[in-house]
Number of protein chains: 2
Amino acid sequence: MEVLLGLLTIEPMSGYDLGQVIRDSVGHFWNESYGQIYPNLKRLAEAGQVTAQTERQKGKPERHVYSITKKGRKRLAAWLEVAPQPEIPRNELLLKLFFGAQISPKISIQHVERMVESERAFLREFKRIELEEIAKSEQYPDAPYWKMAARFGQLELEAHQRWGEETLDELRKIAKKQRKHTEKRKKKSHAEK
Amino acid sequence: MEVLLGLLTIEPMSGYDLGQVIRDSVGHFWNESYGQIYPNLKRLAEAGQVTAQTERQKGKPERHVYSITKKGRKRLAAWLEVAPQPEIPRNELLLKLFFGAQISPKISIQHVERMVESERAFLREFKRIELEEIAKSEQYPDAPYWKMAARFGQLELEAHQRWGEETLDELRKIAKKQRKHTEKRKKKSHAEK
DNA sequence: TTGCCATAGTTCTAATAGATATATGCTTAA
DNA sequence: TTAAGCATATATCTATTAGAACTATGGCAA
């Protein structure tokens with residue numbers, strides 16, 4: 001909920017815009033579905049923490065643009081000062097890997113490869129964002145903070161890539177060992193025929 | 001739900017045990033509340049994927065020990081082969097940092113320091129676990145997989161520590177600059193009196 | 001004309017954390 | 001002796017959330 005207030009300090013926006021901006025600016029560490037955005041904007045408006053202006057648009061549907069109020073800024077500031085709660089972890093890849101002995105190592109290899117590949121694309125995206133932030137840093141007082149948040153994502157992705165490489169090595173060793181073992185088995189069974 | 005099946009492949013356990021084991025073994029990347037554990041065990045039992053045995057205990061309440069069935073093993077294996085979905089991020093510290101320009105840098109410093117300190121304790125815990133895993137690795141076919149999952153946590157924590165240090169440096173610079181600016185302001189306002 | 005896409009918003013379902021509560025016993029302190 | 005605290009063990013409930021599914025407005029292309 002407070003992410004809406006935070007983003008409205010940058011500029012007034014519609015619910016749809018907020019959804020887009022959340023995805024594009026804080027999406028690597030925060031998520032908010034439209035199922036929450038719209039009802040929460042309504043709540044915030046009722047509480048006098050944002051105001052809504054209806055706009056007619058050419059070629060598009062009519063939209064409600066929300067602006068933060070003084071009251072909203074106060075609420076945001078109060079929230080920002082509260083100690084953050086830790087993230088609740090829920091990493092399906094790791095859970096599947098943890099029980100990996102129940103399946104072929106080839107499957108685990110695929111799971112890890114998929115992650116490594118998709119996160120590589122995100123890493124490239126961070127490089128691009130970094131260049132943009134440098135260009136913007138004179139315009140916005142928030143920019144150093146944005147950069148710090150982005151840096152977290154970058155370091156995390158680098159750690160994931162490193163882990164991915166190590167883990168693929170290990171899994172390939174296990175797969176090789178198993179193949180050997182399977183071949184041994186086959187040989188033995190052939191000899192028995 | 002499938003984490004329950006996975007852990008029951010290791011040994012039969014009660015719901016309470018499962019809660020403890022989840023916290024202690026996969027807790028750095030997976031969470032499951034008792035609000036899910038009990039209803040899900042019931043569901044799994046109804047589906048014939050686990051069986052329940054009631055035990056009387058001396059000095060403690062009666063307990064239901066669950067064992068995985070063949071059917072349960074099949075379900076687990078099928079689930080393990082499905083491509084994992086990415087984690088939904090929700091990192092409150094980063095969100096609060098992102099909007100840090102709205103508050104004093106001192107508050108942001110506190111938030112980051114708190115994280116660095118608490119994750120340092122987790123890092124020490126990983127070192128301890130690592131020694132244990134080495135000792136166990138002959139006993140369990142799963143042990144290499146457990147080690148890989150633990151390694152992820154370790155690398156992630158190291159990345160967080162690194163980020164924390166960089167970020168505290170940066171925040172301290174901002175705070176210093178602001179203090180200077182505030183003193184300049186004070187001087188100026190004093191001169192105007 | 002229909003389908004697709006983008007903008008814009010709403011409702012609904014399934015899932016989850018964690019708070020709260022209950023129950024069984026044992027131990028310790030008042 | 002009683003109450004509180006603790007561990008084991010389970011169950012219920014509330015608030016929150018993602019994302020699927022849906023509706024609406026327009027424009028453009030097949």
Side-chain angles (χ1 to χ4, degrees), chain A residues 1-5 7-8 12-24 26-46 50 52-66 79 82 84-92 95, chain B residues 1-5 7-8 12-24 26-47 50 52-67 79 82 84-92 95:
Chain A
M1 166 113 81
E2 278 83 5
V3 66
L4 304 180
L5 291 175
L7 290 173
L8 291 174
M13 290 185 239
S14 70
Y16 185 78
D17 290 334
L18 281 163
Q20 305 266 57
V21 170
I22 286 165
R23 198 192 62 212
D24 295 337
V26 302
H28 76 278
F29 63 86
W30 197 263
N31 190 67
E32 203 86 26
S33 72
Y34 286 116
Q36 274 66 62
I37 293 176
Y38 293 112
N40 282 336
L41 281 172
K42 199 167 171 186
R43 249 171 238 131
L44 288 169
E46 280 163 2
V50 300
Q53 207 88 318
T54 305
E55 287 183 1
R56 259 238 127 295
Q57 284 191 103
K58 196 153 185 207
K60 296 180 197 175
E62 162 177 298
R63 75 189 195 136
H64 305 147
V65 176
Y66 294 87
W79 177 74
V82 178
Q85 296 284 39
E87 212 170 359
I88 293 149
R90 209 158 181 86
N91 186 323
E92 200 178 315
L95 189 62
Chain B
M1 169 114 78
E2 277 84 6
V3 66
L4 303 180
L5 290 176
L7 290 173
L8 290 174
M13 289 187 238
S14 71
Y16 185 78
D17 290 333
L18 280 162
Q20 305 266 59
V21 169
I22 286 165
R23 197 192 62 213
D24 294 336
V26 300
H28 77 276
F29 65 84
W30 198 263
N31 190 70
E32 203 85 28
S33 73
Y34 286 115
Q36 274 70 62
I37 292 176
Y38 292 113
N40 282 335
L41 282 172
K42 200 165 169 189
R43 251 172 236 129
L44 289 169
E46 281 163 4
V50 300
Q53 207 87 318
T54 305
E55 287 184 4
R56 260 242 124 288
Q57 282 190 106
K58 195 154 180 193
K60 297 179 195 175
E62 164 176 297
R63 73 190 200 135
H64 306 149
V65 176
Y66 294 87
S67 307
W79 177 76
V82 178
Q85 296 283 38
E87 211 170 358
I88 293 147
R90 207 156 183 90
N91 186 324
E92 200 179 312
L95 189 61

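To find a chain, count down the sequence lines: A is the first, B the second, and so on, and within it residues start at 1. What you see is a predicted model; the values in this text were computed from it and never measured.
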Min side-chain heavy-atom separation [X]-[Y] under 4.5 Å:
X: A:Val3; Y: A:Leu18; value: no
X: A:Leu41; Y: A:His64; value: no
X: B:Leu7; Y: B:Tyr66; value: no

For [X], answer base if it contacts any base atom (sugar-phosphate contacts may also be present), sugar-phosphate if it contacts only those atoms, and nothing otherwise; contact means non-hydrogen atoms under 4.0 Å.
X: B:Glu55; value: nothing
X: A:Gly15; value: sugar-phosphate
X: A:Gln85; value: nothing

(request) Hey, could you give me the CD/CG distance between A:Glu2 and A:Asn40, rounded to the nearest 0.5 Å? (result) 9.0 Å

(message) What's the separation between atom CG in A:Asn31 and atom CZ in A:Arg23, rounded to the nearest 0.5 Å?
(response) 11.0 Å

Please report, rounded to the nearest Å, how far the [atom2] atom of [N] is from the [atom1] atom of [X].
X: A:Arg23; N: C:dA6; atom1: CZ; atom2: C1'; value: 12 Å
X: B:Arg63; N: C:dT22; atom1: CZ; atom2: C1'; value: 19 Å
X: A:Glu2; N: D:dT17; atom1: CD; atom2: C1'; value: 15 Å
X: B:Glu87; N: D:dA18; atom1: CD; atom2: C1'; value: 14 Å
X: B:Glu62; N: D:dA11; atom1: CD; atom2: P; value: 11 Å
X: A:Tyr16; N: D:dG26; atom1: OH; atom2: P; value: 16 Å
X: B:Glu92; N: D:dT17; atom1: CD; atom2: P; value: 11 Å
X: B:Arg90; N: C:dG18; atom1: CZ; atom2: C1'; value: 16 Å

(message) Side chain of B:Ile88, heavy atoms from C-beta onward: which of C:dG18, D:dG19, D:dT10 has the nearest atom to it?
(response) D:dG19

(request) Apply side-chain contact (heavy atoms from CB on, under 4.5 Å) to the pair A:Ile22 and A:Leu4, showing each step before the final yes or no. (result) CA-CA 9 Å; A:Ile22 286 165; A:Leu4 304 180; 4.0 Å; yes

(request) Please work out which residues in residues 36-47 of chain B have a non-hydrogen atom less than 4.0 Å from an atom of DNA chain D and list them by number. (result) B:Tyr38

(message) Which residues in residues 27-34 of chain B have a heavy atom closer than 4.0 Å to any atom of DNA chain D?
(response) none

(request) Could I get the full list of side chain to side chain contact (heavy atoms under 4.5 Å, CB included) partners for B:Gln53, not counting sequence neighbours? (result) none

(message) So, OP1 or OP2 of C:dA6: does either fall under 4.0 Å of a side-chain N or O from A:Gln20?
(response) no

(request) Please answer whether the main-chain N or O of B:Glu87 pairs with a side-chain N or O of A:Arg90 as donor and acceptor at a distance below 3.5 Å. (result) no

(request) Evaluate the ring planes of A:Tyr38 and A:Tyr34, with Trp represented by its six-membered ring, and classify them as parallel (under 30°), tilted (30 to 60°) or perpendicular (over 60°). (result) parallel

(request) Could you check B:Tyr66 against B:Pro89 and say which one's nearest nucleotide on DNA chain D is further toward the 5' end? (result) B:Tyr66

